[in-house]
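A short worksheet on the structure shown next.
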Amino acid sequence: MKSGQTMFHVFPEDIKPIIEEIENEFDIKYYAAGLFDSKEIITYNSLSEDPNLGFARSGDWNDIDEYLIKPKKEVLDIRKVPQRKGGTKYAVDQSINSKSIEIKIGGIYPDKEKVNVAGRVSTISEDPFSKALYKSFSLKIKKRFKRIEAFYIGPKAEEKLKEGWRMVTNEKMSTDFDLVSK
């Protein structure tokens, strides 16, 4: 497996049971992923600690909270990224954390009415732990969610789709790109 990704639409009640099962199966920790001004990284022992779980801070899935998931006993490696205009930013990603996967939950976008932003779980790692963790997440999602096009949709998200909610990767795009109920 060179890489893998499972894309989905969820409401909090769709994803919480899966996260609980994963956390019972694997001894893991979550780190905010991305490029930061400081080495002080938001960290959770459980995603249930995230007060925004199931809510998207942006209508674009490229700009929603993302977490690197690693074994609790593994040290998080942070990559320094010198900036052209001076200074340094700090990257948290899989490039130097091979024993990890990434997750973006997505969910309800509260700034717009009836909009749900897609999420995904993914890995680029060949590490056995990463492959096992990704496979477990992916199988649990595929087992419980309905597939529509390239996305898996949780039961509550499917109910909301039928009620007219937009299921999007970017709410600014035409509704022609929205997920459509089948």
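The shown structure was predicted, so the numbers you read here are calculated from the model rather than taken from an experiment. Values below: every heavy atom of this structure, side chains too, minus hydrogens, waters and symmetry copies.
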Q: Dump the intermediate steps for side-chain contact (heavy atoms from CB on, under 4.5 Å) on Val168 and Val115, then the final yes or no.
A: CA-CA 7 Å; Val168 304; Val115 173; 3.8 Å; yes
Q: In plain terms, say whether Asp37 and Lys89 are close enough for a salt bridge, that is, a side-chain N and a carboxylate O under 4.0 Å apart.
A: yes
Q | Considering all heavy atoms, the nearest Tyr90-Ser38 contact | A | CD1-C, 3.6 Å
Q: Treat each ILVMFWY residue as a node, draw an edge where side-chain heavy atoms are under 4.5 Å apart, and state whether Ile15 and Ile108 are in one component.
A: no
Q) How about Tyr109 and Trp165: are their ring centroids closer than 6.0 Å? A) no
Q) In Å and rounded to the nearest 0.5 Å, what is the NZ to CG distance from Lys29 to Leu76? A) 9.5 Å
Q. Do the side chains of Phe129 and Pro71 get nearer than 4.5 Å, heavy atoms only?
A. yes
Q. How long is the gap from CG on Asp27 to CG on Asn45, to the nearest 0.5 Å?
A. 9.0 Å
Q. Roughly how far apart are Thr43 OG1 and Tyr67 OH, rounded to 0.5 Å?
A. 10.0 Å
Q: Assess whether atom CD of Glu40 is packed by more than 12 heavy atoms of other residues, nucleotides or ligands within 6.0 Å.
A: no
Q | Same apolar cluster (I L V M F W Y, side chains within < 4.5 Å links), Tyr44/Ile41 | A | no
Q. Any luck finding a side-chain donor-acceptor pair between Asp93 and Ser95 under 3.5 Å?
A. yes
Q: Establish, from distance only, whether the side-chain atoms of Ser138 and Tyr152 form a donor-acceptor pair under 3.5 Å.
A: no
Q. Between Glu171 and Lys114, does at least one N-O distance fall below 4.0 Å, as a salt bridge requires?
A. no
**Q.** Interatomic spacing from NZ in Lys162 to CD1 in Ile153 - rounded to 0.5 Å
**A.** 9.0 Å
Q.
Taking CD in Glu113 as the centre, count heavy atoms belonging to other residues, nucleotides or ligands within less than 6.0 Å. Is the count above 12?
A. no
Q) So does Asp65 pair up with Arg57, basic N to acidic O under 4.0 Å? A) yes
Q) Taking all non-hydrogen atoms of both residues, which atom of Ala56 and which atom of Pro110 are closest, and how far apart? A) O-CD, 3.4 Å
Q) Is it true that a side-chain atom of Thr6 and a backbone atom of Phe137 form a donor plus acceptor pair closer than 3.5 Å? A) no
Q: Begin from the C-alpha positions of Ile103 and Glu66 and carry the test side-chain contact (heavy atoms from CB on, under 4.5 Å) through to its verdict.
A: CA-CA 6 Å; Ile103 191 165; Glu66 182 170 11; over 6 Å; no
Q: If the plane angle is over 60° it's perpendicular, under 30° parallel, otherwise tilted; pick one for Phe151 and His9.
A: tilted
**Q.** Interatomic distance, Leu47 atom CG to Ile69 atom CD1 [nearest 0.5 angstrom]
**A.** 6.5 Å
Q: Indicate yes or no for a side-chain donor-acceptor contact from Arg147 to the backbone of Glu149 under 3.5 Å, with no hydrogens or angles considered.
A: yes
Q.
For Leu35 versus Val81, what's the shortest heavy-atom pair and its separation?
A. CD1-CG2, 3.8 Å
Q | Whether Ser122 side chain and Gly4 backbone form a donor-acceptor pair below 3.5 Å | A | no
Q: Check the pair Lys140, Glu25 against side-chain contact (heavy atoms from CB on, under 4.5 Å), reporting the backbone distance first and the verdict last.
A: CA-CA 12 Å; Lys140 285 172 179 32; Glu25 190 177 339; 3.0 Å; yes
Q | Closest heavy-atom pair and its distance - Ser130, Ser100 | A | OG-N, 2.7 Å
**Q.** Leu139 atom CG, neighbour heavy-atom count above 12 within 6.0 Å
**A.** yes
Q) Hey, does Ile105 have a side-chain heavy atom less than 4.5 Å from the side chain of Leu53? A) yes
(Q) According to a hydrophobic-cluster definition based on side-chain heavy atoms being under 4.5 Å apart (Ile, Leu, Val, Met, Phe, Trp, Tyr only), do Ile19 and Phe11 belong together? (A) no
Q: Check the pair Lys16, Glu20 against salt bridge (Lys or Arg N to Asp or Glu O under 4.0 Å), reporting the backbone distance first and the verdict last.
A: CA-CA 6 Å; Lys16 284 180 180 179; Glu20 287 174 16; over 6 Å; no
(Q) Side chains of Thr123 and Ser125 only: does a donor on one sit below 3.5 Å from an acceptor on the other? (A) no
Q. Taking NZ, NE, NH1 and NH2 as the nitrogens, is one of them in Lys156 or Asp14 under 4.0 Å from a carboxylate oxygen of the other?
A. no
Q) Looking at Met173 and Thr169, what are the two nearest heavy atoms and their distance? A) SD-OG1, 4.4 Å
Q.
Side-chain heavy atoms nearer than 4.5 Å, only ILVMFWY residues, links allowed to pass through others: does that put Phe145 and Trp61 together?
A. no
Q: Indicate if Leu68 and Val121 have the same hydrophobic cluster label, given that clusters are the connected sets of ILVMFWY residues with side-chain heavy-atom separations under 4.5 angstrom.
A: no
Q. Without hydrogens or angle criteria, can the side chains of Asn97 and Lys70 be said to hold a donor-acceptor pair below 3.5 Å?
A. yes
Q: Please determine, by modelled atom types, if Glu102 and Tyr31 share a side-chain donor-acceptor pair under 3.5 angstrom.
A: no
Q. Any chance NZ of Lys80 has more than 12 other-residue heavy atoms, nucleotides or ligands included, within less than 6.0 Å?
A. no
Q: Find the distance between CZ (Arg144) and CD (Glu21) and round it off to the nearest 0.5 Å.
A: 4.0 Å
(Q) Is there a side-chain contact (heavy atoms from CB on, under 4.5 Å) between Ile22 and Ile28? Walk through the geometry before answering. (A) CA-CA 9 Å; Ile22 292 290; Ile28 54 178; 3.8 Å; yes
